[in-house]
2 protein chains.
Amino acid sequence: MTTTSTFVKMVFDRWNATLNNFDTLLNDLSDETLQKEVAPGKNRGIYLLGHLIAVHDDMLKLLNMGEKLYPELYEPFLNSPDKTTTQIPSIADLRIFWNSQCAILKQKCDSLQADEWFKKHTAVNAEDFAKEPHRNKLNIIITRTTHLTYHTGQLRLLK
Amino acid sequence: MTTTSTFVKMVFDRWNATLNNFDTLLNDLSDETLQKEVAPGKNRGIYLLGHLIAVHDDMLKLLNMGEKLYPELYEPFLNSPDKTTTQIPSIADLRIFWNSQCAILKQKCDSLQADEWFKKHTAVNAEDFAKEPHRNKLNIIITRTTHLTYHTGQLRLLK
């Protein structure tokens with residue numbers, strides 16, 4: 001195994017384990033529980049779920065893997081704090097979006113060769129990337145893994 | 001910059017940013033606030049702080065960087081759930097331990113060359129490592145970064 005594919009495996013092992021942990025937790029929480037705040041006055045479970053789908057939708061663009069699947073989630077779950085809009089999908093729908101998005105993202109990620117992960121993502125230009133080669137697609141997976149664990153830690157409090 | 005050092009930089013950028021985020025948050029929380037539970041019936045801030053120090057102490061051993069600095073934290077913060085023992089250090093002491101440990105860990109990590117991070121950690125034997133080269137020292141940094149973000153997300157609820 002080349003060093004490059006070892007790196008990619010290390011990063012994806014963590015990303016996939018983190019997604020699996022989140023999935024297990026999500027399946028353990030009822031729709032009723034997800035309506036609750038993770039702590040008094042803080043975000044509700046439903047908001048964290050919608051927020052994660054909105055953030056992962058943006059990964060598709062950053063990784064040059066196509067358009068967002070659920071652009072309508074940007075406004076309620078990224079641009080607005082929780083409990084400021086009532087125009088949000090049901091938890092049942094968000095669960096379907098989450099599972100579908102995970103499957104599509106996985107399929108697209110699996111199709112990339114190891115060295116393609118060291119090419120630039122779409123939010124950095126070629127000139128900056130020449131000087132800062134760490135701003136590559138794999139780094140998007142690294143940063144979104146920590147984002148996901150941050151909110152998994154919070155959602156876990158509903159259990 | 002070689003691919004190896006780019007990768008090490010990607011991992012350490014995330015680890016250092018995560019430590020900085022935690023530090024900023026910790027400095028924002030008073031000793032009184034850290035005595036509170038992050039959500040009703042859940043771990044207190046003081047427990048999460050002690051738990052992180054205990055886990056990072058173990059990194060020193062896994063990375064072959066020497067012995068634990070605070071072995072007395074294993075029992076109350078790793079082996080026991082919160083609120084089951086009263087024999088724990090004060091928050092003032094834990095803050096000192098945290099800062100001191102961060103400085104020592106940083107100094108030791110900075111002294112390693114990029115390729116040394118791809119050597120095996122101490123919890124895997126040479127035979128297994130030959131087949132599973134991803135079980136290297138750098139992977140310890142990756143997994144502890146997600147562990148730290150998980151608990152940072154929880155501690156953030158005290159703000």
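Naming convention: chains lettered A, B, ... in sequence-line order (proteins, then strands); numbering from 1 in each chain.
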**Report entry** Selection from Glu132(A), Met10(A), His151(A) maximising heavy-atom pairs under 4.5 Å formed with chain B
**Finding:** Met10(A)
Requested in this report: Determine, using the 4.5 Å side-chain heavy-atom cutoff (strictly less than), whether Leu105(B) and Leu26(B) are members of one ILVMFWY cluster.
Outcome: yes
**Report entry** Cluster overlap Leu73(B) with Leu155(B), hydrophobic side-chain contacts below 4.5 Å
**Finding:** yes
Report task. Enumerate by number any residue of residues 34-58 of chain B whose heavy atoms lie under 4.5 Å from heavy atoms of chain A; in the absence of such residues, state 'none'. Result -> Val38(B), Ala39(B), Pro40(B), Lys42(B)
Report summary line: Cut-off 4.5 Å, heavy atoms of chain A, and the answer for Lys131(B) is neither
Query - Reported OG1-to-NE2 distance for the pair Thr146(B) and His147(A), which is rounded to 0.5 angstrom - result: 14.5 Å
Report summary line: Interface check, chain A: of Val11(B), Ile142(B), Asp13(B), Thr145(B), most non-hydrogen pairs under 4.5 Å belong to Ile142(B)
Query raised in the report: If you group Ile, Leu, Val, Met, Phe, Trp and Tyr by side-chain heavy-atom gaps below 4.5 Å, do Trp15(B) and Leu62(B) land in one group?
Result: yes
Query raised in the report: Going hydrophobic residue to hydrophobic residue with side-chain gaps under 4.5 angstrom, can you get from Leu19(B) over to Leu60(B)?
Result: yes
Query - hydrophobic_cluster_shared for Val124(B) and Ile141(B), side chain cutoff 4.5 Å - result: no
Requested in this report: State whether the number of non-hydrogen atoms from other residues, nucleotides or ligands found under 6.0 Å of Lys106(A) atom NZ is greater than 12.
Outcome: no
Requested in this report: Measure distances from Leu148(B) to the heavy atoms of chain A and classify the residue's part below 4.5 Å as side chain, backbone, both or neither.
Outcome: neither
Report task. Please work out which of the three classes, parallel, tilted or perpendicular, describes the rings of Phe7(A) and Phe118(B), given edges at 30° and 60°. Result -> tilted
